[in-house]
Amino acid sequence: MTAPDEQEPESVGLVRPYVITNGREIADGDRFELVTLITAAPDQQQKSRLDPEKRSLVELCEGGYLSVAEIAGHMRLPIGVVKVLLSDLAEGGHILTRAPVPAAQLTDIQVLQEVLDGLQARFG
Amino acid sequence: MDSRHVSGDARHLHDKVQIAAKILVVGHFAVGKTTFIGTLSEIPPLRTEETMTQAAADVDDLKGVKGKTTTTVAMDFGRLTLNDRLVLYLFGTPGQQRFVQVWEDMTRGALGALVLVDPQRLKESFAVMDLVEKYGIPYAIAVNHFDGNQARAESELREALDLLPETPIITCDARDEKSSAKALVSLVRYLQSRTRQEQR
Ligand SMILES: Nc1nc2c(ncn2[C@@H]2O[C@H](COP(=O)(O)OP(=O)(O)OP(=O)(O)O)[C@@H](O)[C@H]2O)c(=O)[nH]1
Ligand SMILES: [Mg+2]
């Protein structure tokens with residue numbers, strides 16, 4: 001694996017997050033966790049009306065699911081900014097979200113067993 | 001990189017994915033977090049930033065930027081698809097106390113943490129140990145063996161880090177896939193046994 005440190009994201013300063021989120025609190029969007037999974041909604045006729053940041057976010061999420069953290073990584077935006085964008089997009093019906101663990105369907109024991117089995121199958 | 005690694009285009013998760021689990025890889029500066037995550041991840045590790053204050057909450061602040069202390073902290077992470085419906089994310093972040101805000105986000109819903117430790121720099125691990133304990137994250141210790149390291153007795157490590165008798169200590173080379181996977185497996189087994197005990 002190549003050293004990931006080599007590709008530092010360009011620093012996102014004070015001004016840019018503010019502009020992108022139209023001044024909304026960065027703390028907004030608390031319902032998104034780092035590993036909440038996101039995909040683009042199938043019907044995207046309104047996409048062209050979105051501002052560029054939101055449109056590229058939706059386009060990034062076409063073709064499957066990505067976590068909030070991955071979206072931030074690919075877009076090189078701070079997590080907080082991505083959460084705000086996601087709130088708006090969810091409200092507008094542009095994205096679908098999946099909670100990290102389906103509520104009350106799985107115990108930790110079950111998840112841990114699947115993680116263990118998966119790791120062993122993969123790495124022997 | 002072998003065929004298991006997903007190519008750039010195939011980086012999306014399959015529609016069937018239902019569970020996104022999270023394990024933290026933590027440790028002091030330059031202990032091998034990024035290396036460890038890169039060794040196991042199926043995607044090129046990604047890096048993202050968390051902004052530490054409400055960045056520019058109002059326009060006036062933009063003019064008075066000087067007085068503001070906005071810190072960004074980087075975390076890197078990788079991904080492992082473990083079966084049709086389960087994906088595991090590994091998050092690495094530094095252990096300094098001033099990154100507490102990031103820790104809140106990172107620890108929410110995390111199964112546990114692997115604490116990387118360099119036995120030559122044990123003191124540097126104290127801050128991160130304080131954090132995992134403060135947030136109540138169950139953890140195992142992975143002793144990263146840097147070249148030229150003298151092996152330390154496990155009892156010595158246990159004492160220095162003030163570990164519970166049941167806390168696993170695994171040695172690992174973060175550059176090696178098998179060795180890193182083994183450390184992760186030990187952590188998961190420990191988490192299982194803890195969870196079982198809690199249910200009793
Ligand atoms: N010999 C040896 N070197 C290692 C090992 N793990 C990491 N290194 C080296 O140690 C250096 C630091 O590793 P990183 O993975 O960047 O450490 P980090 O914890 O991500 O560092 P920061 O993000 O700066 O805190 C790199 O040069 C690695 O190649 C290991 O297990 N053995
Ligand atoms: Mg690093």
Side-chain angles (χ1 to χ4, degrees), chain A residues 1-5 7-9 11-19 23 25-27 33-37 39 61-67 69-70 72-74 76-82 98-102 105-109 111-124, chain B residues 1 4 11-15 17-23 34 37-39 41 43-51 54-59 61-62 65 68 70 72 75-77 79-80 82-83 86-89 91 105-106 108-109 111 177-178 181-182 184-185 188-189 191-192 195-196 199:
Chain A
M1 187 86 341
T2 52
D5 281 335
Q7 23 139 289
E8 296 270 341
S11 174
V12 181
L14 277 170
V15 179
R16 208 166 132 75
Y18 176 80
V19 173
E25 286 283 321
I26 296 290
E33 297 182 33
L34 286 173
V35 296
T36 300
L37 300 175
T39 194
C61 295
E62 286 167 356
Y65 281 83
L66 287 175
S67 62
E70 280 168 287
H74 287 304
R76 300 174 173 220
L77 289 172
I79 296 280
V81 174
V82 169
R98 221 167 246 190
V101 178
Q105 280 174 32
L106 281 161
T107 63
D108 275 3
I109 281 284
V111 173
L112 286 167
Q113 189 61 49
E114 284 195 33
V115 169
L116 183 66
D117 293 343
L119 287 173
Q120 283 173 333
R122 193 183 182 104
F123 299 107
Chain B
M1 238 190 234
R4 264 202 333 257
R11 62 178 181 225
H12 291 96
L13 293 163
H14 195 275
D15 195 49
V17 67
Q18 292 291 339
I19 313 161
K22 182 163 71 168
I23 286 179
T34 302
I37 290 166
T39 297
S41 180
I43 53 168
L46 286 164
R47 166 168 275 243
T48 183
E49 286 177 351
E50 186 83 282
T51 315
Q54 283 81 0
D58 59 60
V59 178
D61 283 351
L62 291 176
V65 165
K68 256 198 113 108
T70 298
T72 57
M75 53 183 150
D76 17 40
F77 58 96
R79 188 181 91 187
L80 277 163
L82 292 180
N83 66 35
L86 170 69
V87 59
L88 174 67
Y89 287 93
F91 279 88
D105 232 20
M106 275 220 324
R108 189 157 22 134
L111 293 172
E177 188 182 81
K178 280 252 181 306
K182 218 174 113 205
L184 208 50
V185 163
V188 175
R189 284 190 191 284
L191 298 175
Q192 275 186 317
T195 312
R196 284 202 198 98
Q199 288 181 346

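Numbered from 1 within each chain, the chains take letters A, B, ... in sequence-line order.
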So which of B/V17, B/L191, B/I23, B/L88 has the biggest tally of heavy-atom pairs under 4.5 Å with chain A? B/V17
When rounded to the nearest 0.5 Å, the distance separating CZ of A/R122 from CG of B/L82 is 6.5 Å
Please identify, among A/P100, A/G124, A/G118, A/A72, the residue contributing the most non-hydrogen atom pairs under 4.5 Å to chain B. A/P100
Interatomic spacing from CG in A/L34 to CZ in B/F91 - rounded to 0.5 Å: 4.5 Å
Heavy-atom distances under 4.5 Å only: say whether A/L37 touches chain B with side chain, backbone, both or neither. side chain
Using the test side chain to side chain donor-acceptor pair (under 3.5 Å), find all partners of A/Y65 that sit at least two apart in sequence or belong to another chain. A/R98
Proximal component of A/A121, with respect to chain B [non-hydrogen, under 4.5 Å]: neither
Would you indicate whether the side-chain heavy atoms of B/L80 and A/F123 approach each other to under 4.5 Å? yes
Looking at B/H12 and A/L66, would you say the former's side chain and the latter's main chain have a donor-acceptor pair under 3.5 Å? no
So what's closer than 4.5 Å to chain B heavy atoms on A/E70: side chain, backbone, both or neither? both
CG/B/L184 to CG/A/L119 distance, rounded to the nearest 0.5 angstrom? 5.0 Å
Could you walk me through whether B/R47 and A/R76 pass the side chain to side chain contact (heavy atoms under 4.5 Å, CB included) check? CA-CA 8 Å; B/R47 166 168 275 243; A/R76 300 174 173 220; over 6 Å; no
Of the backbone (N, CA, C, O) and the side chain (C-beta and beyond), which part of A/T36 lies under 4.5 Å from a heavy atom of chain B, both, or neither? neither
Taking side chain to side chain donor-acceptor pair (under 3.5 Å) as the test, write out the residues that go with B/N83, two or more places apart. A/E114
Identify the heavy atoms of A/V111 and B/A21 that sit nearest to each other, and give their distance. CG1-CB, 4.3 Å
At what distance, to the nearest 0.5 angstrom, does OG1 of B/T195 lie from CG of A/D108? 5.5 Å
Among B/K178, B/K182, B/R189, B/K22, which residue has the highest count of heavy-atom pairs closer than 4.5 Å to chain A? B/R189
